[in-house]
Structures are given as C-alpha cells and as structure tokens.
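All of these numbers come straight from a predicted model, not from anything done at the bench. Throughout, residue positions are numbered sequentially from 1 according to the sequence presented.
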Amino acid sequence: MGDTSVLIVGTGFGGVGTAIELKRAGFDDFTILESADEPGGVWRENTYPGAGCDIPSPLYSFSYEPNPDWPKRFSLQPDIHDYLKRVVRRYGLEPHIRFGTRVTAAAFDEERGLWRVETAGGETFEATVFVPAVGQLSRPVQPDIPGQETFEGASFHSAHWDHDVDLRGKKVAVIGTGASAIQFVPELQRQAAELTVFQRTAPYIMAKRDTSYRRWQQRLFRHLPATQLLGRLRIFLLAEYATYAMTKHPLLAKVFELRTAQLRRRHIKDRALREKLTPDYPLGCKRILFTNEYLPALAQHNVAVETRHISAITPSGVLTEDGVEHEADVIVYGTGFAATDFLGELKIEGLGGRALSDAWKGGARAYLGMTVPGFPNLFCVYGPNTNLGAGSIIYMIERQARYIRQAVEHLAKPEVSYMDVVPEVEQAYDEEIQRRLGRSVWTSCASWYRQENGRVSTNWPGLVTEYDRRTKKLDLGDYRTAGAR
C-alpha cells in the first residue's frame with residue numbers, strides 16, 4: 001500500500017501543472033499515477049499524421065515556463081510532447097510518477113478523511129487529496145455503425161493511429177471532419193489513390209497564420225523574454241475578443257464568418273463542393289478549426305466529400321443511405337472524444353458511498369469546475385464547464401492548480417480532516433453558469449459541447465480573466481470543513 005497526501009491521476013498538462021504548483025509551493029508529498037510508460041496525456045497518445053495544436057505555442061505553454069525554442073508558431077505533436085517531458089524533468093517530477101499504473105476506482109473514507117484509490121494492478125493508495133486530471137479529450141469515441149466488425153480491411157480511430165498500415169495507393173475512407181481530421185486528411189490525400197471524406201456537418205475553417213521561427217528569433221526570445229511575452233499577450237487578447245463575440249455579441253462573429261466564406265471561395269472553385277462545405281449553423285456553435293491545407297486537399301482530384309448518411313459498414317467499404325457502397329481498403333475514424341463523459345470509467349464514491357456517476361446523471365457539474373458536493377477533498381482538473389471556445393486551456397489549468405494548492409495548504413493543518421463544497425453554493429454557481437450559457441452560441445446547434453438533454457457541460461461562459469478572478473483566492477465560506485478525527 002502506498003501513502004501520500006496528494007494523489008494526482010494523469011501526466012498531461014493538467015496533472016503536470018498541478019504537480020508543479022505544489023512543488024513550487026514547497027509540497028513534495030504527492031504522487032502522480034499514470035497508466036502509460038511516459039508522460040504526455042493527449043500529446044503522447046495522438047500521433048496521427050499532421051497532429052498539432054491550433055493554439056499558438058507562445059500561449060499554449062505554461063506561463064512560468066516559456067519555450068524560446070518552439071520551431072513553429074503552431075507546434076506539432078512531437079514538439080509539444082517533448083516540451084511536456086522537458087518540463088517534467090526540469091521540475092523534478094519523475095520520482096513522483098508511478099508509470100504503468102491505471103486507476104480504476106476511488107472511495108472516500110469519512111472516518112479517516114482519506115481517499116482510497118485502487119488500480120488495475122491491485123494496488124491501493126491512500127491520499128488526503130484526490131486530483132483526477134484526465135481531461136475532456138482523452139477517451140476516443142467509436143461511432144455506433146452497423147457492420148463495423150465485418151470490415152475486412154484495416155480500421156482504427158485517429159487517436160490510436162496504426163502506423164503499420166501502408167496507405168500509399170489505397171482507397172481510404174475517413175469518417176468525421178473534426179479537429180483531428182482536418183489535420184490528417186491533407187496527409188492522407190498525398191498518399192491515397194482515392195480518399196472519401198464522410199462529413200456529417202461542415203466545420204467553419206479559418207486560416208492558420210503559421211510561421212517557422214528563425215534562429216535569430218529563438219535567440220531573441222531566449223535573451224529578451226519580453227519579446228515572446230508580447231506575442232503571447234497579443235494572442236491572449238485575440239482569444240478574449242473571440243470569446244466575447246461568441247458569448248456576448250454574436251454580431252461580432254459575423255466578421256469571422258465572412259473570413260471563412262472568403263477562404264472557401266479562394267480554395268474551392270467547384271460550386272457544388274463549396275456548398276457541401278458551407279456550414280448551416282452559427283459560427284462558434286461547434287469548434288472553429290484552423291488550417292491552411294484542409295480545403296486545398298478536398299479540392300484535389302483524388303478526394304470526394306460524401307454528405308449522405310452512413311447506413312452501414314460492409315466487408316469492403318461504407319454504405320450510404322442511397323444504397324451506394326463506397327469501396328475502401330482502410331477506414332479511419334476521426335470521430336472525436338467523449339468530452340461530456342467526465343472521468344471516464346473511473347468509479348468514484350463519496351460520502352455515504354454515493355457514486356459520482358449518480359450525482360452527475362443529469363450532466364457533469366462542479367463548483368468552479370473542480371469540486372462536487374458530497375465528494376470531499378476531490379478536485380477535478382479541466383473539469384465541467386472549464387473548456388474554452390477560444391484561447392488556451394493551459395491558462396485555465398494554471399488557475400485550477402493555484403486553487404488546489406490553496407486547498408492543500410488548508411488541509412495540511414492538523415485540525416482539518418476534509419473540506420466539502422456547500423451544496424447551495426454549487427447549486428447557485430451551476431444555475432448562473434447554465435443561465436449564461438443559454439444565451440451563448442453554444443446552445444444553437446448539436447455539438448460535443450452539449451449533452452443529449454441540451455445541457456452545455458464543457459464550456460466556460462465568460463472571459464478567462466473572469467475565471468482567474470473567481471479562482472484567485474480559496475473562500476473557505478464556500479466549504480463545510482470537518483475537524484480531525
């Protein structure tokens with residue numbers, strides 16, 4: 001049995017950021033459990049061709065750990081993964097990480113004020129504070145299409161890319177047109193003999209103002225950090241403006257909408273294809289995608305965009321509702337992640353043995369996206385309603401880590417056993433968040449931001465500066481605190 005005061009699950013940006021915040025504050029009594037054999041989270045798992053981030057790297061990085069050596073403004077997966085691994089080494093987190101350890105369940109022991117955490121390997125850990133940092137985009141979704149098991153070719157989800165499959169000269173079918181697909185489709189177009197992209201809804205596409213940094217720029221960033229900081233500030237302000245447009249003044253979004261239409265006209269000369277690629281919902285309702293290569297790839301002679309509903313997968317391809325079978329040697333599922341299925345398959349029990357899955361039956365919810373009534377000393381990272389329609393989630397993670405560190409400091413006091421958010425506080429907060437989201441663009445269409453019942457359980461409804469203000473100081477009046485037993 002292992003013992004620690006703080007137990008963190010996951011070594012993505014959320015888990016690493018929380019651990020660093022504790023370490024910088026002088027807390028060393030923490031353990032990070034990671035199911036894989038190296039850190040990285042989604043940036044370890046997603047290795048599909050063209051994988052990268054659609055937030056510029058100067059902002060998509062820890063504020064206290066700028067990287068002057070980014071090769072590009074929008075970095076690719078290997079560079080982001082290397083950055084995370086480097087940060088882990090720099091802050092001495094490796095001795096705290098237990099690799100190859102998959103958490104399956106956690107239960108709170110009220111008598112002792114401890115979380116008992118179980119792993120797939122049969123180990124049990126005890127911790128005063130339990131911090132699941134598994135993120136919103138870590139569990140791939142495989143669509144429920146009849147006949148998938150009958151397909152005789154290779155098939156895989158983009159999050160589990162099979163690099164042993166040779167795509168050169170093959171007929172490839174791509175199901176889905178989300179953030180991952182717009183990155184790997186251009187790569188497939190250059191290899192496949194025929195590429196059929198099955199699109200359910202057209203995404204809004206904006207140009208990615210990317211650039212490779214020259215050596216003199218990297219030296220400048222290293223010796224005059226303020227120059228890189230100015231770039232970060234500019235990106236930050238643009239993201240706040242985009243958020244303001246989506247949550248406060250949708251008319252401002254028309255400016256962005258016009259730019260997406262111009263981009264389609266520039267790259268797609270075929271009117272019928274351009275019509276297929278024109279969204280029929282307000283900009284921002286679904287995730288806006290940034291790319292310079294996707295639209296040109298769709299205009300190539302070896303690519304077809306199919307918008308008819310898929311009725312089945314056959315042994316030799318994909319069958320659409322009009323009865324046409326589209327032959328394929330390989331099927332790639334770019335069908336996203338279970339973003340609203342927070343904490344995935346973790347079985348968590350709080351006070352009185354109540355299951356978190358029962359508490360979240362109507363949709364995941366948490367005070368400030370972190371704490372749930374009846375589940376003391378549990379703090380989610382990148383939890384409900386902390387995702388962003390624009391901007392860097394790492395900014396939000398840093399604020400959550402700061403808040404959790406304050407809670408750990410309070411719980412370190414010998415007279416305190418546990419702290420549990422007051423139900424009325426969480427209820428009032430959730431009502432406010434959902435009321436504000438109801439006026440946002442995110443309620444105007446179906447997307448991964450929303451659950452089937454219409455509840456938006458992923459996104460934050462305001463500016464990130466507001467979240468910074470609301471999480472800056474832990475208010476003990478929001479919690480019921482139990483004394484030591």
| message | Is it true that, when you exclude Arg200 itself, more than 12 heavy atoms of the residues, nucleotides or ligands shown sit nearer than 6.0 Å to its CZ? | response | no
| query | Under 30°, 30 to 60°, or over 60°: which ring-plane class applies to His163 and Trp161, parallel, tilted or perpendicular? | reply | tilted
| Does NZ or CZ of Lys72 lie under 6.0 Å from the centre of the six-membered ring of Tyr213, at an angle within 45° of the ring axis? | no
| request: Kindly compute the distance separating OH (Tyr382) from OG1 (Thr458), expressed to the nearest 0.5 Å. | output: 8.0 Å
| Arg271/Glu275 salt bridge by N-O under 4.0 Å criterion | no
| task | Ignoring hydrogens and angles, state whether a donor on the side chain of Tyr333 or Gln148 is under 3.5 Å from an acceptor on the partner side chain. | result | yes
| field | The single option from His326, Glu306, His309 passing side chain to side chain donor-acceptor pair (under 3.5 Å) against Thr320 | value | His326
| field | Identified side chain to side chain contact (heavy atoms under 4.5 Å, CB included) counterpart of Thr471 within the set Glu398, Arg399, Met396, Glu466 | value | Arg399
| Parallel, tilted or perpendicular: ring planes of Phe236 versus Tyr395, cut at 30 and 60 degrees | tilted
| Nearest-0.5 Å distance, CG of residue Asp210 to CZ of residue Phe290 | 12.0 Å
| N/O donor-acceptor pair under 3.5 Å between Asn302 side chain and Ala192 backbone | yes
| Atom CZ of Arg259: over 12 foreign heavy atoms under 6.0 Å | no
| Taking atom types as modelled and ignoring hydrogens, do the side chains of Thr465 and Glu240 form a donor-acceptor contact shorter than 3.5 angstrom? | yes
| Can you tell me if Arg405 uses its side chain to pair, donor with acceptor, with the backbone of Glu21 under 3.5 Å? | no
| Backbone N/O of Arg209 and side chain of Arg73: donor-acceptor pair under 3.5 Å | yes
| message | Side chains of Gln77 and Asn46: any donor to acceptor distance under 3.5 Å? | response | no
| said: Between Lys85 and Glu38 (salt bridge meaning N to carboxylate O under 4.0 Å), is one present in this structure? | reply: yes
| request: Return yes when atom CZ of Arg308 has more than 12 non-hydrogen atoms of other residues, nucleotides or ligands closer than 6.0 Å, and no otherwise. | output: no
| query | Does a side-chain N-to-carboxylate-O contact under 4.0 Å join Glu426 and Arg365? | reply | yes
| query | Can Gln434 and Asn385 be said to form a side-chain contact (heavy atoms from CB on, under 4.5 Å), step by step? | reply | CA-CA 9 Å; Gln434 292 303 314; Asn385 295 116; 3.7 Å; yes
| request: Measure across Ala133 and Val381 and return the closest heavy-atom pair with its distance rounded to 0.1 Å. | output: CB-CB, 3.9 Å
| said: I'd like to know if Arg439 pairs up with Glu432 as an ion pair, taking the criterion as any Lys NZ or Arg NE/NH1/NH2 lying under 4.0 Å from an Asp or Glu carboxylate oxygen. | reply: no
| task | Could you tell me which non-hydrogen atom of Val165 sits nearest to which non-hydrogen atom of Ala154, and how far apart they are? | result | CG2-CB, 3.8 Å
| request: Determine the sole option in Leu437, Leu368, Ile433 for which the side chain to side chain contact (heavy atoms under 4.5 Å, CB included) test with Trp460 is passed. | output: Ile433
| query | Just wondering, do Leu195 and Val174 contact through their side chains at under 4.5 Å, heavy atoms? | reply | yes
| field | His160 backbone acceptor or donor facing Tyr48 side chain under 3.5 Å | value | no
| said: When you compare the side chain of Val441 with that of Pro282, does any pair of heavy atoms fall below 4.5 Å? | reply: yes
| query | Should we count CZ of Arg222 as having more than 12 external heavy atoms under 6.0 Å? | reply | yes
| Any chance the rings of Phe13 and Tyr60 have centres within less than 6.0 Å? | yes
| request: Measure the acute angle between the ring planes of Trp70 and Tyr83, then classify it against the limits of 30° and 60° as parallel, tilted or perpendicular. | output: tilted
| request: Identify the heavy atoms of Ala181 and Pro186 that sit nearest to each other, and give their distance. | output: O-CD, 4.3 Å
| task | Give the minimum heavy-atom separation between Tyr429 and Ala366, together with the two atoms involved. | result | CE2-O, 3.4 Å
| task | Taking Glu65 for its side chain and Ser61 for its backbone only, find out whether a donor-acceptor pair lies under 3.5 Å. | result | no
| task | State, to 0.1 Å, how close Arg274 and Lys269 come at their nearest heavy-atom pair, and which atoms those are. | result | NH1-O, 3.8 Å
| query | Judged by modelled atom types alone, do Thr335 and Gln142 share a side-chain donor-acceptor pair under 3.5 Å? | reply | no
| query | Could you state the interatomic distance from OG (Ser158) to CD (Gln183), rounded to the nearest 0.5 Å? | reply | 9.5 Å
| Hey, are the side chains of Lys286 and Pro203 touching, using non-hydrogen atoms and a 4.5 Å cut-off? | no
| message | Do Thr371 and Leu378 have side chains that approach each other closer than 4.5 Å (heavy atoms only, starting at C-beta)? | response | no
| Could you give the distance from OG1 (Thr177) to CG (Leu298), rounded to the nearest 0.5 Å? | 9.0 Å
| remark: residues 295-305 vs salt bridge (charged side-chain N to carboxylate O under 4.0 Å, His left out), sequence neighbours excluded, gives none
| task | Mind checking the CG-CD1 spacing from Leu230 to Ile235? Nearest 0.5 Å is all I need. | result | 11.0 Å
| Under the 3.5 angstrom rule, does the side chain of Asp329 hit a backbone N or O of Gly153 as a donor-acceptor pair? | no
| task | In plain terms, say whether Arg435 and Glu431 are close enough for a salt bridge, that is, a side-chain N and a carboxylate O under 4.0 Å apart. | result | no
| Carboxylate-amine/guanidinium proximity below 4.0 Å for Arg86 and Asp79 | no
| task | Hey, could you give me the CZ/OG distance between Phe151 and Ser316, rounded to the nearest 0.5 Å? | result | 8.0 Å
| task | For the pair Arg264 and Leu295, evaluate side-chain contact (heavy atoms from CB on, under 4.5 Å) and give the outcome as yes or no after the intermediate values. | result | CA-CA 7 Å; Arg264 286 193 298 275; Leu295 292 178; 4.3 Å; yes
| So, the side chain of Gln218 versus the backbone of Arg215: is there a donor-acceptor pair under 3.5 Å, distance only? | no
| request: For Pro66 and Gln228, work out which heavy atoms get closest and say how close. | output: CB-OE1, 3.9 Å
| Any side-chain donor paired with an acceptor under 3.5 Å for Ser311 and Glu321? | no
| query | Does Lys170 use its side chain to pair, donor to acceptor, with the backbone of Asp166 at less than 3.5 Å? | reply | yes
| query | Hey, does the side chain of Lys276 reach the backbone of Val305 with a donor-acceptor pair shorter than 3.5 angstrom? | reply | yes
| task | Walk me through it: do Tyr204 and Phe256 pass the test ring-ring contact (aromatic ring centres under 6.0 Å, His included)? | result | CA-CA 10 Å; Tyr204 276 99; Phe256 296 105; over 10 Å; no
